[in-house]
Peer 1: 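Below: one structure in structure tokens.
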Amino acid sequence: MIDVQDLTKEYGNVAAVSKATFRIGAGEIVGFLGPNGAGKSTTIRMLTGYLPATSGAASIDGFDVFRKGNEVRARVGYLPENVPLYSDLRVIEFLRFRAQQKLVPASERRARIDYVMSRCALTERQRSVIATLSRGFRQRVGFADALIANPKVLILDEPTSGFDPLQRREMLDLIHGLVAEGKTTILFSSHILSEVQAVSKRLLVIAKGKIVADGGSEDLIRKFGENQYHIEALAGEAPARELLESIPGIVQVAKAAEAPAPGGVRYTITAKHGDDPRDAISEAFMKRGIRVRELASDRTPLETIFARLVSGAELETAAVAATEGVAAA
């Protein structure tokens, strides 16, 4: 449904977006995640035809974004971060105008307007002048506008920006409703990890203009998290450490910060990516007659992985991994 290849936007010698490549299938919900200034809005503006690309290609529903703009716009509902509205119109007047602009058939306009007002909880405010609405309700009007032509693709750019917690929850509930229907392909941009996780299973992470990760939460934890485990056993320090260091795939053994039970030892173990040494550890300790009280994985929190990906320290490695993931898809 959305196909992006080496999409690049440069301002002089500065690349706001550099060779972004990703694909989003029909009906898929993808969270577009990155810190402020990472290139999210620039990418979205190129996809929606509001900004030309320096190089690269992008298509939506098979239509070239830069050559078939009218066909693309007819298939896309776009909610920008700052919604442009005619503030002197009433809500119902604005939606009628937009339905006409978007060529919604006259016979269907009333039904579509009623639907989007109901979906966005605007029915009771339909006679309100837009200038009198709160930011939250103005955003709802923009959301209704994005939905009114029943688009195949919905692109939301920081839809909760500037919201208080209650307004943020209400907007996420609106998006959840569309996700539950499963009829629309959604690209949802945010710099807040918890928001993206609440809406989408797949995360597309951008930092400094580059796509640095692409996958589900578990995929990113496996790919970029530290492959660590902790063990507590009833043994002396020397024999336990020597036994652990002798197991293939274990690259580091360190005494854990947490104190073990009396008469025992506790270690944090780092293994090679892709290796799970727990079966080998259990077998080795059992053969030596050493009782293992606890052996578990220490999962790296997704928040930690996200912070590392966007900090700059791992950008090059992550960008290569993300590219290889796209190529393999």
Side-chain angles (χ1 to χ4, degrees), residues 1-2 27 29 41 44-45 47-51 60-61 63 65 68-164 166-190 195 199:
M1 183 60 73
I2 302 177
I29 316 299
S41 292
I44 284 174
R45 287 170 188 157
L47 288 179
T48 51
Y50 287 88
L51 193 64
I60 294 179
D61 198 23
F63 292 96
V65 168
K68 299 289 184 179
N70 288 337
E71 286 83 352
V72 169
R73 281 187 285 273
R75 289 160 172 79
V76 174
Y78 173 39
L79 178 64
E81 182 177 355
N82 297 303
V83 185
L85 301 171
Y86 292 104
S87 59
D88 57 334
L89 295 180
R90 300 181 188 277
V91 172
I92 186 70
E93 293 169 341
F94 175 76
L95 293 177
R96 284 173 184 160
F97 171 67
R98 293 295 287 157
Q100 183 177 7
Q101 270 196 323
K102 294 186 176 185
L103 303 180
V104 177
S107 60
E108 300 176 12
R109 285 176 197 164
R110 180 71 253 181
R112 284 304 301 174
I113 290 171
D114 287 345
Y115 168 78
V116 298
M117 286 197 302
S118 175
R119 165 66 74 187
C120 299
L122 289 168
T123 303
E124 295 183 0
R125 307 299 297 269
Q126 61 182 290
R127 303 298 302 173
S128 298
V129 176
I130 291 175
T132 67
L133 297 178
S134 66
R135 176 174 172 79
F137 271 102
R138 289 168 66 90
Q139 200 80 342
R140 287 173 183 267
V141 175
F143 197 70
D145 175 28
L147 293 175
I148 202 162
N150 196 21
K152 290 185 176 182
V153 177
L154 189 61
I155 298 179
L156 311 174
D157 188 8
E158 298 275 3
T160 64
S161 176
F163 279 14
D164 62 37
L166 179 58
Q167 291 172 329
R168 182 175 291 114
R169 181 69 265 167
E170 290 172 346
M171 178 57 70
L172 291 177
D173 286 343
L174 293 180
I175 300 170
H176 267 298
L178 289 174
V179 172
E181 290 180 2
K183 298 178 181 178
T184 309
T185 302
I186 301 176
L187 179 62
F188 168 53
S189 161
S190 178
E195 284 189 358
V199 173

Peer 1: Does R75 have any salt bridge (Lys or Arg N to Asp or Glu O under 4.0 Å) partners at least two apart in sequence or in another chain, and if so, which?
Peer 2: D61
Peer 1: Apply side-chain contact (heavy atoms from CB on, under 4.5 Å) to R169 and list each qualifying residue two or more places apart in sequence or on a separate chain.
Peer 2: L172, D173, H176
Peer 1: Nearest heavy-atom pair of A149 and V104: which atoms, and what distance?
Peer 2: CA-CG2, 3.9 Å
Peer 1: In chain order, what residues pass the salt bridge (Lys or Arg N to Asp or Glu O under 4.0 Å) check against R125, with sequence neighbours excluded?
Peer 2: none
Peer 1: Q139 side chain to P159 main-chain N or O, any donor-acceptor pair under 3.5 Å?
Peer 2: yes
Peer 1: Can you list everything that forms a side chain to side chain donor-acceptor pair (under 3.5 Å) with D164? Sequence neighbours excluded, please.
Peer 2: none
Peer 1: Identify the heavy atoms of I148 and A99 that sit nearest to each other, and give their distance.
Peer 2: CD1-CB, 3.7 Å
Peer 1: Under the salt bridge (Lys or Arg N to Asp or Glu O under 4.0 Å) rule, what pairs show up with a residue in residues 100-120, not counting sequence neighbours?
Peer 2: K102-D145, R110-D114, R119-E181
Peer 1: To the nearest 0.5 Å, how far apart are OG1 in T184 and NZ in K152?
Peer 2: 11.5 Å
Peer 1: Compare every heavy atom of P151 with every heavy atom of A146, then report the nearest pair and how far apart it is.
Peer 2: O-CG, 3.3 Å
Peer 1: Applying side chain to side chain donor-acceptor pair (under 3.5 Å), can you list everything that pairs with R96, at least two apart in sequence or on another chain?
Peer 2: none
Peer 1: Out of curiosity, L133 CG to L122 CG, how far, rounded to the nearest 0.5 Å?
Peer 2: 8.0 Å
Peer 1: Out of curiosity, E124 CD to M117 CE, how far, rounded to the nearest 0.5 Å?
Peer 2: 11.0 Å
Peer 1: Which distance, rounded to the nearest 0.5 Å, do you find between the CG of L174 and the OG1 of T160?
Peer 2: 11.5 Å
Peer 1: Rounded to the nearest 0.5 Å, how far apart are OG of S118 and CD of Q126?
Peer 2: 11.0 Å
Peer 1: Just to verify, what does S41 make a side chain to side chain donor-acceptor pair (under 3.5 Å) with, not counting sequence neighbours?
Peer 2: D157
Peer 1: Quick one: side chain to side chain donor-acceptor pair (under 3.5 Å) partners of Q100, sequence neighbours excluded?
Peer 2: none
Peer 1: What pairs meet the ring-ring contact (aromatic ring centres under 6.0 Å, His included) rule with one or both residues in residues 108-153, with sequence neighbours excluded?
Peer 2: none
Peer 1: Using the rule given for side chain to side chain contact (heavy atoms under 4.5 Å, CB included), can you reason through R73 versus Y50, listing the C-alpha separation, both sets of side-chain angles and the distance that settles it, and then say yes or no?
Peer 2: CA-CA 10 Å; R73 281 187 285 273; Y50 287 88; 5.5 Å; no
Peer 1: Enumerate donor-acceptor pairs with a distance under 3.5 Å from any side-chain N or O in residues 82-92 to protein atoms, sequence neighbours excluded.
Peer 2:
from, atom 1, to, atom 2, distance (Å)
R90, NH1, R127, O, 2.6

Peer 1: R168: what forms a salt bridge (Lys or Arg N to Asp or Glu O under 4.0 Å) with it, not counting sequence neighbours?
Peer 2: E195
Peer 1: Could you pull out all residues at least two apart from E81 that satisfy salt bridge (Lys or Arg N to Asp or Glu O under 4.0 Å)?
Peer 2: none
Peer 1: Roughly how far apart are L156 CG and L79 CG, rounded to 0.5 Å?
Peer 2: 5.5 Å
Peer 1: Start with the C-alpha gap between C120 and L147, add the side-chain angles, then the distance that decides, and say whether side chain to side chain contact (heavy atoms under 4.5 Å, CB included) holds.
Peer 2: CA-CA 10 Å; C120 299; L147 293 175; 4.2 Å; yes
Peer 1: Taking the side chain as every heavy atom from C-beta outward, state whether L47 and L187 have any atom pair closer than 4.5 Å.
Peer 2: yes
